[in-house]
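Read through the structure below, which is laid out as structure tokens, and then see the notes.
We use all heavy atoms of the structure for the numbers below, so side chains are in, but hydrogens, waters and symmetry mates are not. Within every chain, numbering begins at 1; the chains are lettered A, B, ... in the order of the sequence lines, protein sequences first and strands thereafter.
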Amino acid sequence: MKNQEIAKIFYEIAYFLEMEDVKFKPYAYEKAALTLEGLERDVEEIYKKEGFEGLRKIPGIGESIAKKIEEYLKTGKIQYYEEYKKKYPINLDELMGIEGLGPKRMKILYEKLGITNLKELEEAAKAHKIAPLYGFGEKTEKNILEAIEFAKRSKGRFLLGDILPIVKEVYEKLKSLKEVERIDAVGSIRRMKETIGDVDFLVISKNPKPIMDFFVSLPGVIKVWGKGNTKASVRMKEGFDMDIRVLPRRSYGAALQYFTGSKEHNIALRKIAIQKGLKLSEYGLFKGAEMIAGESEEEIYEKLGMDWIPPELREDRGEIEAALKHKLPKIIDY
DNA sequence: TTGACGTCGCATACCC
DNA sequence: GGGGATGCGA
DNA sequence: GTCAA
């Protein structure tokens, strides 16, 4: 199955293009990569049976990207990618995962300091070579060092079973605050995925300040990434991150829907909205400037002509088609 | 052939 | 110290 | 670079 190998190359091409500030091509390559990853069929098999035209039928894959897939299947390489690797001989496997370090700053680090891997990045940061660079500073240098420590220890995803007890405890504490009118844990934790990247809480409140203060000083918080009036983010001692957002009641359902995801599910929903002449965002479902749904998830799905979809099914793997036909499978409850 | 491709909060560095 | 710009993450 | 208008 070559899908994953090719997807990885496309992600890296997207990163190279972002380094050069090319507009929108990164988006195209990322979309193609994402499609390949989620594809049931093996591209090699598609190509054998249906040839170039078969590849072109895959959504998000046009003339140019199909050619590159063909080239990879025939030769095991993609010239376009090889040239970028030559131009920027960087270990993206290691460096793409460093939080807070994106393509723009990576380019500067490579060009000014010749940094190509994690080890070199760490040495440069420890020797205080990074802070004086244009666009960097003391704070950024320190953040990079912390991000390296984190990347070394974990791969950034956590088992649901490991963090669920901690999240439940935090949830109960927040819920007991008098300023909290409602609270939900969303994201992959609400979808009950086996692995969780980070934890998201949504809150309704008219007085967010005390909630934010409480949140960033919870026991187990080892770092505050940021804290404002509507949004805060922390790292827990177990190594995972938690975010909290405060929202108005009128758009809470839309936010629940949006932040529960998955990303693929949301993209598919937005498309349905557009087909109906509507616009779906984290703020609500709109007909022109008028909000026609937003306070509850149920009304959003209803106005889109479908049954409410349980979070566990929201992966854009057929659940939307089923909900439009009102033929969702029942989830076994216990 | 041409326009859209999400958008926003936060932190940070830069400029005045 | 304030204010618009940029990078990043979501 | 891809899609849809």
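- A salt bridge links A:Asp21 with A:Lys104: at least one charged nitrogen is closer than 4.0 Å to a carboxylate oxygen.
- Looking at heavy atoms from C-beta onward, A:Leu164 lies in side-chain contact with A:Ile189 at the 4.5 angstrom threshold.
- With C1' as the reference atom, B:dT12 and C:dG1 are 15 Å apart, rounded to whole Å.
- Between the P atoms of C:dG9 and B:dC5, the separation comes to 23 Å (whole Å).
- Across B:dG9 and C:dG4, the matching P atoms stand 16 Å from one another, rounded to whole Å.
- Not one N or O on the side chain of A:Glu264 forms a donor-acceptor pair closer than 3.5 Å with the backbone of A:Asp316.
- Checking B:dA13 for Watson-Crick or G-U wobble geometry (two distances, each under 3.5 Å) identifies no partner in any strand.
- Ion pairing between A:Glu149 and A:Lys223 fails under the 4.0 Å rule for side-chain N and carboxylate O.
- For A:Glu20 and A:Lys25, the salt-bridge test fails: no basic side-chain N is under 4.0 Å from an acidic carboxylate O.
- Atom P of nucleotide B:dG6 and atom CG of A:Leu34 are separated by 13 Å, given to the nearest angstrom.
- For residues 189-237 of chain A, no pair satisfies ring-ring contact (aromatic ring centres under 6.0 Å, His included), with sequence neighbours left out.
- Using a 4.0 Å cutoff on non-hydrogen atoms, no part of residues 200-237 of chain A comes near DNA chain D.
- Straight-line distance between the P atoms of B:dG6 and D:dA4: roughly 14 Å, to the nearest whole Å.
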Which pairs, protein N/O on one side and nucleotides 12-16 of chain B N/O on the other, fall under 3.5 Å?
unit_1 : atom_1 : unit_2   : atom_2 : d
B:dT12 : O3'    : A:Thr140 : OG1    : 3.3
B:dA13 : OP1    : A:Gly137 : N      : 3.1
B:dA13 : OP1    : A:Thr140 : N      : 3.4
B:dA13 : OP1    : A:Thr140 : OG1    : 2.8
B:dC14 : OP1    : A:Gly135 : N      : 3.1

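- Residues A:Asp200 and A:Arg190 are not paired through a salt bridge, judged by the lack of any N-O separation under 4.0 Å between the basic side chain and the carboxylate.
- Under the 3.5 Å distance criterion, the side-chain polar atoms of A:Asn266 are matched with a main-chain donor or acceptor of A:Tyr258.
- A donor-acceptor pair under 3.5 Å is absent between the side-chain atoms of A:Asn229 and the main chain of A:Pro208, judged by distance alone.
- A gap of 16 Å separates the C1' atoms of B:dC10 and C:dG3, to the nearest Å.
- A:Lys48 is linked by a side-chain hydrogen bond (donor to acceptor under 3.5 Å, both in side chains) to nothing, counting only residues two or more places apart in sequence or in another chain.
- Applying the ring-ring contact (aromatic ring centres under 6.0 Å, His included) rule to pairs touching residues 27-61 of chain A yields A:Phe10-A:Tyr29, sequence neighbours excluded.
- Using a cutoff of 4.0 Å between basic side-chain nitrogens and carboxylate oxygens, A:Glu181 and A:Lys206 are scored as salt-bridged.
- Distance CG (A:Asp198) to C1' (C:dG9): 10 Å, rounded to an integer number of Å.
- Annotation: proximity of residues 40-48 of chain A to DNA chain D (heavy atom, distance under 4.0 Å) is found for no residue.
- A straight line from CD of A:Glu30 to C1' of B:dG6 spans 13 Å, rounded to a whole angstrom.
- Ion pairing between A:Glu30 and A:Lys263 fails under the 4.0 Å rule for side-chain N and carboxylate O.
- Contacts of residues 259-296 of chain A with DNA chain D (heavy atom under 4.0 Å): none.
- For A:Lys77 and A:Glu71, the salt-bridge test fails: no basic side-chain N is under 4.0 Å from an acidic carboxylate O.
- Residues in residues 53-83 of chain A take part in these ring-ring contact (aromatic ring centres under 6.0 Å, His included) pairs, two or more places apart or across chains: A:Tyr80-A:Tyr84.
- When the shell of 6.0 Å around CZ of A:Arg41 is examined, it contains more than 12 heavy atoms from other residues, nucleotides or ligands.
- Comment: A:Glu315 engages A:Arg191 in a salt bridge, judged by a side-chain N to carboxylate O separation of less than 4.0 angstrom.
- The distance from atom NZ of A:Lys104 to atom P of C:dG7 is 5 Å, rounded to the nearest whole Å.
- The stretch residues 275-284 of chain A participates, sequence neighbours left out, in no side chain to side chain donor-acceptor pair (under 3.5 Å) pair at all.
- Within residues 55-74 of chain A, no residue has any heavy atom closer than 4.0 Å to DNA chain B.
- Listed by first then second residue, pairs satisfying side chain to side chain donor-acceptor pair (under 3.5 Å) with a partner in residues 125-140 of chain A read A:Glu122-A:Lys126, A:His128-A:Glu141, not counting sequence neighbours.
- Proximity of residues 1-25 of chain A to DNA chain D (heavy atom under 4.0 angstrom from any strand atom) is restricted to A:Phe24, A:Lys25.
- As the counterpart of B:dG6, no nucleotide is assigned, since no Watson-Crick or G-U wobble pattern has both distances under 3.5 Å.
- Rounded to an integer number of Å, the gap from A:Leu101 CG to C:dT6 C1' is 15 Å.
- Summarising the geometry, the separation between OH on A:Tyr27 and P on D:dA4 is reported as 11 Å, rounded to the nearest angstrom.
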